[in-house]
Amino acid sequence: QVQLAESGGGSVQAEEDLRLSCVVSLDNFSARCMAWFRQVPGKEREAVATISIGGDTTYYADSAKGRFTISRDDPNYILYLQMNNLKPEDTATYYCAASWIGVCRDPLTESSYNYWGQGTQVTVSS
């Protein structure tokens with residue numbers, strides 16, 4: 001059973017926008033910290049954006065600040081990542097991640113998340 005399902009990736013030109021979605025089928029979505037990570041082949045997975053329970057606190061990688069926005073739709077169990085002004089260096093597989101219920105550790109650390117989606121590919125060409 002797929003518990004986190006990402007969608008919205010694709011191939012775009014530089015300066016275009018994409019919105020990623022992650023439909024979550026875990027219990028108590030609203031009580032979980034959530035995040036988007038990305039990975040390029042041969043490199044470690046890195047946090048792109050994170051959001052707290054309730055959505056009051058967000059963190060962004062320096063490369064994402066000012067261009068990406070993470071948000072959550074708790075009633076519908078969906079996590080979003082709006083990506084504007086995309087650059088070729090944003091090319092990666094993007095993963096949705098969820099924490100244990102009510103347990104939110106270092107938001108930028110991969111080990112803080114216990115559930116992962118299969119990923120969606122984003123390719124940005126110049």
Side-chain angles (χ1 to χ4, degrees):
Q1 179 182 359
V2 176
Q3 295 174 312
L4 287 81
E6 303 98 336
S7 63
S11 296
V12 297
Q13 297 291 314
E15 300 182 8
E16 292 185 341
D17 306 334
L18 280 176
R19 187 175 79 159
L20 305 183
S21 301
C22 175
V23 177
V24 178
S25 60
L26 298 168
D27 291 340
N28 294 309
F29 171 72
S30 63
R32 300 178 186 270
C33 284
M34 300 295 299
W36 287 98
F37 282 70
R38 68 186 180 188
Q39 188 171 26
V40 175
K43 294 188 176 181
E44 292 186 356
R45 194 152 48 182
E46 63 172 356
V48 176
T50 75
I51 189 166
S52 65
I53 294 170
D56 294 335
T57 302
T58 56
Y59 291 100
Y60 294 93
D62 287 343
S63 59
K65 288 178 182 176
R67 300 188 299 125
F68 293 6
T69 303
I70 188 171
S71 61
R72 60 191 302 159
D73 179 354
D74 284 348
N76 293 300
Y77 281 45
I78 303 175
L79 179 72
Y80 295 106
L81 183 67
Q82 177 66 45
M83 304 187 295
N84 296 334
N85 189 23
L86 283 160
K87 302 176 180 181
E89 51 264 42
D90 294 319
T91 295
T93 301
Y94 285 72
Y95 297 90
C96 172
S99 72
W100 292 120
I101 295 172
V103 178
C104 297
R105 300 186 292 270
D106 180 2
L108 297 176
T109 301
E110 189 173 343
S111 61
S112 297
Y113 302 91
N114 307 96
Y115 300 92
W116 294 84
Q118 294 298 308
T120 185
Q121 178 67 35
V122 172
T123 302
V124 184
S125 51
S126 58

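Because only heavy atoms are used, hydrogens play no part in the values below, and waters and symmetry mates are left out as well, while side chains stay in. Throughout, residue positions are numbered sequentially from 1 according to the sequence presented.
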Name the one of Glu46, Glu6, Glu44 that satisfies salt bridge (charged side-chain N to carboxylate O under 4.0 Å, His left out) with Arg38?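 Considering Glu46, Glu6, Glu44, a salt bridge (charged side-chain N to carboxylate O under 4.0 Å, His left out) with Arg38 is found only for Glu46.
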
Can you confirm whether [X] sits close enough to [Y] that some side-chain heavy atom of one is under 4.5 Å from a side-chain heavy atom of the other?
{"X": "Thr58", "Y": "Arg72", "value": "no"}
{"X": "Ile70", "Y": "Tyr60", "value": "yes"}
{"X": "Trp36", "Y": "Cys96", "value": "yes"}
{"X": "Cys33", "Y": "Ile53", "value": "yes"}
{"X": "Glu110", "Y": "Trp116", "value": "yes"}
{"X": "Arg32", "Y": "Val24", "value": "no"}

Flag yes if [X] and [Y] sit in one hydrophobic cluster, no otherwise; membership is Ile, Leu, Val, Met, Phe, Trp, Tyr, and two members link when side-chain heavy atoms are under 4.5 Å apart.
{"X": "Phe68", "Y": "Ile51", "value": "yes"}
{"X": "Leu79", "Y": "Ile101", "value": "no"}
{"X": "Phe37", "Y": "Ile78", "value": "no"}
{"X": "Tyr80", "Y": "Met34", "value": "no"}

Pair Leu20, Val122 - check side-chain contact (heavy atoms from CB on, under 4.5 Å), show working. CA-CA 9 Å; Leu20 305 183; Val122 172; 4.1 Å; yes

Whether [X] side chain and [Y] backbone form a donor-acceptor pair below 3.5 Å:
{"X": "Asn85", "Y": "Arg67", "value": "no"}
{"X": "Ser112", "Y": "Asp106", "value": "yes"}
{"X": "Thr91", "Y": "Ser125", "value": "no"}

Quick check: closest heavy atoms across [X] and [Y], and the distance to 0.1 Å?
{"X": "Asp73", "Y": "Phe29", "result": "O-CE2, 3.8 Å"}
{"X": "Ala98", "Y": "Leu26", "result": "CB-CD1, 3.8 Å"}
{"X": "Ala92", "Y": "Val40", "result": "CB-CG2, 3.8 Å"}
{"X": "Ala64", "Y": "Val48", "result": "CB-O, 3.9 Å"}
{"X": "Ala49", "Y": "Leu81", "result": "CB-CD1, 4.0 Å"}
{"X": "Tyr95", "Y": "Gly117", "result": "CD2-O, 3.5 Å"}

For [X], does the [atom1] atom have more than 12 heavy-atom neighbours from other residues, nucleotides or ligands under 6.0 Å away?
{"X": "Gln121", "atom1": "CD", "result": "yes"}
{"X": "Gln13", "atom1": "CD", "result": "yes"}
{"X": "Tyr59", "atom1": "OH", "result": "no"}
{"X": "Glu16", "atom1": "CD", "result": "yes"}

What's the separation between atom [atom1] in [X] and atom [atom2] in [Y], rounded to the nearest 0.5 Å?
{"X": "Ser99", "Y": "Asn114", "atom1": "OG", "atom2": "CG", "value": "6.5 Å"}
{"X": "Ser25", "Y": "Tyr115", "atom1": "OG", "atom2": "OH", "value": "10.5 Å"}
{"X": "Cys104", "Y": "Tyr113", "atom1": "SG", "atom2": "OH", "value": "7.5 Å"}
{"X": "Gln82", "Y": "Leu18", "atom1": "CD", "atom2": "CG", "value": "8.5 Å"}

Salt bridge check: are Lys65 and Asp62 linked by an N-O gap of less than 4.0 Å?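 Yes.
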
Chi angles and distances behind the side-chain contact (heavy atoms from CB on, under 4.5 Å) call for Leu4, Tyr77: CA-CA 10 Å; Leu4 287 81; Tyr77 281 45; over 6 Å; no

